[in-house]
*Asks:* 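One structure is given below, represented as structure tokens, and several questions about it will come after.
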Number of protein chains: 2
Amino acid sequence: MSGEVPLGAVPRPTVSSVALLAGVSRQTVSNALNNPERLQPATLKKVLDTIEETGYVRSAAARQMRTARSGVIAYRLDRVRDGIGGAVLDTFLHALSAEAERRDYRVMLYTADSDEAELRQFSRLTRARTVDAFILIETHRDDVRYGWLSEHGIPFSVFGRPWSSDGTNHQHSLNHAWIDVDGAAGTAQATRHLLELGHREIAFVGWPHGSETGDERRRGWAETLARAGTDAPRRQSLDSWQPDGILSGSNAARRLLDAGATAFVCASDSLAIGAYSAVQAAGGQGAVVGFDDTPTAAALGLSSVRQPLDEAVGWALGSVFAQLDGAPGVPGEPSLLTPQLVVRASSRPVRGTTA
Amino acid sequence: MSGEVPLGAVPRPTVSSVALLAGVSRQTVSNALNNPERLQPATLKKVLDTIEETGYVRSAAARQMRTARSGVIAYRLDRVRDGIGGAVLDTFLHALSAEAERRDYRVMLYTADSDEAELRQFSRLTRARTVDAFILIETHRDDVRYGWLSEHGIPFSVFGRPWSSDGTNHQHSLNHAWIDVDGAAGTAQATRHLLELGHREIAFVGWPHGSETGDERRRGWAETLARAGTDAPRRQSLDSWQPDGILSGSNAARRLLDAGATAFVCASDSLAIGAYSAVQAAGGQGAVVGFDDTPTAAALGLSSVRQPLDEAVGWALGSVFAQLDGAPGVPGEPSLLTPQLVVRASSRPVRGTTA
DNA sequence: TCAGCCAATTTGATTGATCAAATGGCCGAT
DNA sequence: ATCGGCCATTTGATCAATCAAATTGGCTGA
């Protein structure tokens with residue numbers, strides 16, 4: 001009979017029980033944790049020591065009652081779609097959780113199948129004061145979420161720029177806090193890198209038109225090639241539109257290799273992995289650069305454009321905390337972060353690759 | 001000046017304000033939500049209507065104060081490792097979050113780089129009464145987490161069986177609530193399926209020895225082959241050990257094809273994707289079955305063994321709630337769930353495949 | 001007729017922390 | 001000697017709900 005449940009054996013320490021032990025009042029204990037500068041060094045030490053001894057931790061609920069802060073940020077967890085591409089959001093979420101902890105906050109998940117369902121979640125979570133703010137992802141046209149949260153005065157910040165209904169990325173009428181990664185800058189960087197390696201016939205393996213993110217990544221490649229002197233018809237013949245996926249990528253790359261391509265800029269690592277395998281099957285001549293720098297890409301030695309997710313998370317949280325601290329609705333200037341190309345074996349100069 | 005922040009414009013409805021409006025007392029409002037059977041139908045309706053009108057939602061914090069329940073379950077979010085394999089835990093987490101919501105609970109994330117760090121998180125989260133219970137994953141040898149939580153009387157439940165230090169899966173001295181998927185049953189099912197298709201030279205593409213999960217999956221294949229009459233030396237020659245990954249998978253499959261294999265049971269979808277591409281490169285003759293039924297596998301038409309994650313989540317939550325409701329430390333019999341083979345193009349009978 | 005009982009509803013107390021205001025001690029200035 | 005002012009600390013009130021005990025009123029049966 002040694003494994004008895006010690007539930008409630010010792011009543012959980014409270015601000016009062018700690019105060020009693022330390023020989024001070026409740027408020028002094030509270031101050032030791034919240035406003036240490038108000039206490040005399042000796043008193044502070046005494047109280048902190050007692051806190052240490054008893055293992056006292058403030059009750060989240062009681063604290064929240066008085067301060068009207070839950071210390072929790074909500075994040076919508078989507079159903080898994082694509083195993084590889086999903087890694088980006090996984091990484092984002094991990095960074096978010098870790099960074100939130102560093103700032104004494106926590107991340108709580110919710111799910112929603114539609115915008116309406118998500119608004120219902122907003123409503124529940126905020127009315128119950130379960131969370132203080134939201135971090136939104138997966139922006140889309142006519143996104144009703146910003147409006148709802150703004151109207152209700154709930155702090156939030158978005159990873160992804162607001163796309164207005166005509167597909168341009170004009171500012172939304174409600175200007176809210178958002179951060180995004182400059183996809184065009186990423187593919188442009190990749191394309192320049194391949195140009196420097198001596199490649200001239202640089203193809204793009206991208207998604208079908210209509211995806212904002214995808215179109216933007218294509219643009220970075222196209223503009224860079226244009227600047228390097230590749231004419232429009234030639235660019236057209238080096239472009240391709242594929243649903244995301246490894247197989248799509250290798251099929252497209254095979255065709256483009258036949259058309260004379262010697263290097264590939266891809267809209268995702270999935271496509272790039274496929275393209276890389278096609279290149280290797282064809283003798284290994286040809287360079288490939290992916291997008292997102294997923295662990296899989298790293299493992300395969302695939303060059304890839306890395307999104308600065310830690311920065312994005314830092315900015316998003318910073319913005320949300322500023323709003324919580326009463327900053328006006330106007331967020332610190334939203335901006336595009338520049339991604340960074342990570343060069344690996346798939347795009348290193350090999351013998352005979354020079355122009 | 002239309003976009004003013006309406007913060008606090010109307011004071012948030014409380015149990016008292018709703019009571020006033022409905023012409024009843026606070027407690028009656030509380031009962032309407034928590035013990036509706038105690039109220040007269042007419043009173044109940046009146047109160048519920050008022051709640052609806054005002055959009056009242058109970059304050060999570062105040063509720064938690066009195067009930068000593070946070071309504072939150074904690075889950076450790078790991079850093080992303082493998083883009084494809086990670087999808088399993090992603091799916092698990094999504095299912096967990098969705099199912100928790102259905103039961104009026106929420107999932108909160110925490111991170112930890114080591115067991116010690118995780119124990120510290122346990123301590124903080126439980127002392128602050130931020131969470132009610134934990135769902136643990138990634139079990140390993142000499143896992144100290146069960147012990148800590150048991151000693152502290154914190155409800156928890158584990159996805160993954162307890163591995164004792166000698167590598168067997170003997171019961172831990174502290175018997176706790178766990179659920180796991182019978183990997184051997186999965187690979188056995190896959191192997192039988194391939195036998196039925198007429199294959200006789202069925203290879204296994206698995207991980208190096210030492211991973212419990214991996215060894216178990218190998219066992220299911222080996223035992224089924226043995227039962228079908230394949231002798232040990234032959235089995236040995238059809239076995240392979242690979243670090244997880246697409247490339248590893250295709251390399252191994254190429255070698256095994258040369259050794260006469262006509263079908264492949266794989267320890268993961270990553271390996272299977274690689275094996276499948278090797279098979280296709282070699283003319284498309286040969287069947288492949290993966291493990292985990294990731295979205296990528298589905299997209300590629302790869303047969304795969306699907307883990308019943310929804311069931312696992314349901315069981316884990318059920319167990320945790322039972323513990324919260326004061327059930328003794330003894331959990332409902334822990335068990336192994338049987339995975340289900342999903343047959344797709346990669347292992348369908350094609351002309352000429354029959355023995 | 002009225003005690004007794006039951007069901008429906010109300011009142012009082014409590015949860016654990018923090019805010020706001022009050023207290024006590026000590027200093028220098030009047 | 002006395003008083004305003006300052007500092008460190010304490011006391012009282014409050015956040016929004018629920019538990020536990022008290023109340024109300026209707027109905028039954030001796």
Side-chain angles (χ1 to χ4, degrees), chain A residues 8 10-48 50-51 54-71 104 124 126-130 132 326, chain B residues 7-8 10-48 50-51 54-72 104 124 126-130 132 326:
Chain A
V10 176
R12 218 176 73 82
T14 69
V15 79
S16 302
S17 76
V18 170
L20 203 65
L21 268 171
V24 296
S25 71
R26 344 182 273 288
Q27 185 62 27
T28 300
V29 175
S30 174
N31 283 334
L33 293 166
N34 301 316
N35 307 85
E37 75 284 357
R38 288 191 195 161
L39 300 188
Q40 216 156 18
T43 315
L44 179 59
K45 184 182 180 332
K46 185 172 54 180
V47 175
L48 290 180
T50 313
I51 287 176
T54 54
Y56 168 71
V57 176
R58 306 209 259 331
S59 149
R63 189 146 209 263
Q64 178 180 352
M65 275 271 266
R66 206 73 252 266
T67 60
R69 283 281 172 85
S70 65
D104 267 312
R124 289 195 71 76
T126 55
R127 285 193 144 93
R129 289 226 186 298
T130 302
D132 292 340
Chain B
L7 256 176
V10 176
R12 219 176 72 83
T14 69
V15 79
S16 301
S17 76
V18 171
L20 203 65
L21 268 169
V24 296
S25 71
R26 337 182 282 283
Q27 186 61 30
T28 300
V29 175
S30 174
N31 283 335
L33 294 165
N34 301 316
N35 306 84
E37 76 284 356
R38 288 191 196 162
L39 299 188
Q40 217 157 17
T43 317
L44 178 60
K45 183 182 179 332
K46 186 173 53 181
V47 174
L48 291 181
T50 315
I51 286 175
T54 55
Y56 168 71
V57 176
R58 308 209 256 332
S59 149
R63 188 146 208 262
Q64 179 180 352
M65 274 271 265
R66 204 72 252 267
T67 60
R69 283 282 172 85
S70 65
V72 178
D104 267 313
R124 288 194 70 76
T126 54
R127 286 192 145 93
R129 288 226 186 297
T130 302
D132 293 340

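These values consider heavy atoms only, across backbone and side chains, with no hydrogens, waters or symmetry-generated copies. All figures in this text were calculated on a predicted structure; none of them were measured in a lab. Below, chains carry the letters A, B, ... as their sequence lines are ordered, and counting in each starts from 1.
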*Asks:* Please report the shortest heavy-atom distance between A/Val47 and A/Thr28, naming the atom on each side.
*Replies:* CG2-CG2, 4.2 Å

*Asks:* Identify the residue among B/Thr14, B/Leu20, B/Val15 that makes a side chain to side chain contact (heavy atoms under 4.5 Å, CB included) with B/Arg26.
*Replies:*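 The option that passes is B/Val15.
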
*Asks:* If I take atom OH in residue B/Tyr56 and atom P in nucleotide D/dA16, what distance separates them, rounded to the nearest angstrom?
*Replies:*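 That distance rounds to 10 Å.
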
*Asks:* Specify the separation, in whole Å, of atom CZ of B/Arg69 and atom P of C/dG16.
*Replies:*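 After rounding, the gap between these two atoms is 16 Å.
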
*Asks:* Might you point out which heavy atoms bring A/Ala62 and A/Ser59 nearest each other, and give the distance in Å?
*Replies:* N-OG, 3.1 Å

*Asks:* Looking only at non-hydrogen atoms, find the nearest pair between A/Gly55 and B/Arg127 and report the distance.
*Replies:*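 For A/Gly55 versus B/Arg127, the nearest heavy atoms are O-NE, 2.6 Å.
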
*Asks:* In whole Å, I'd like the distance from the CZ atom of B/Arg63 to the P atom of C/dG16.
*Replies:* 17 Å

*Asks:* Relative to the 5' end of DNA chain C, which residue comes earlier, B/Gly23 or A/Asn34, by the nucleotide with the nearest heavy atom?
*Replies:* B/Gly23

*Asks:* B/Glu37 has an atom CD; how far is it from atom P of C/dT9, in whole Å?
*Replies:* 12 Å

*Asks:* Provide a list of protein-nucleic acid N or O atom pairs under 3.5 angstrom, restricted to nucleotides 11-15 of chain D.
*Replies:*
residue: D/dG12; atom: N7; partner: A/Arg26; partner atom: NH2; Å: 2.9
residue: D/dG12; atom: O6; partner: A/Arg26; partner atom: NH2; Å: 2.6
residue: D/dA13; atom: N6; partner: A/Arg26; partner atom: NH2; Å: 3.2
residue: D/dT14; atom: O2; partner: A/Arg66; partner atom: NE; Å: 3.3
residue: D/dT14; atom: O2; partner: A/Arg66; partner atom: NH1; Å: 3.3

*Asks:* For B/Gln64 and B/Arg129, work out which heavy atoms get closest and say how close.
*Replies:*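 Taking B/Gln64 first and B/Arg129 second, the nearest heavy atoms are NE2-O, 2.5 Å.
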
*Asks:* More than 12 heavy atoms of other residues, nucleotides or ligands under 6.0 Å from CZ of B/Arg124: is that the case?
*Replies:* no

*Asks:* Between atom CG in B/Asn35 and atom P in C/dA7, what is the gap in whole Å?
*Replies:*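 Atom CG in B/Asn35 sits about 15 Å away from atom P in C/dA7.
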
*Asks:* Distance check needed: D/dC7 P versus A/Leu44 CG, whole Å only.
*Replies:* 18 Å

*Asks:* Within this structure, what is the CZ-to-C1' distance between A/Arg58 and C/dC19, rounded to whole angstrom?
*Replies:* 15 Å

*Asks:* Does D/dT9 have OP1 or OP2 sitting under 4.0 Å from an N or O in the side chain of A/Thr43?
*Replies:*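 Indeed, a polar side-chain atom of A/Thr43 lies that close.
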
*Asks:* Under the side-chain contact (heavy atoms from CB on, under 4.5 Å) criterion, do B/Asn34 and B/Arg63 qualify, and how do the steps go?
*Replies:* CA-CA 11 Å; B/Asn34 301 316; B/Arg63 188 146 208 262; 2.9 Å; yes

*Asks:* Look at the side-chain N and O atoms of B/Ser30 and state whether any lies under 4.0 Å from the OP1 or OP2 oxygen of D/dT18.
*Replies:* yes

*Asks:* Under 4.0 Å between any heavy atoms, over every strand shown, what does A/Val29 touch: base, sugar-phosphate, or nothing? Just pick one.
*Replies:*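 Result for A/Val29 = nothing.
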
*Asks:* Taking CZ from B/Arg38 and P from D/dT18, how many angstroms apart are they, rounded to a whole number?
*Replies:* 11 Å

*Asks:* Taking only side-chain N and O atoms of B/Gln40, does any of them lie within less than 4.0 angstrom of OP1 or OP2 on C/dT9?
*Replies:*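 Yes, because at least one side-chain N or O of B/Gln40 sits under 4.0 Å from OP1 or OP2 of C/dT9.
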
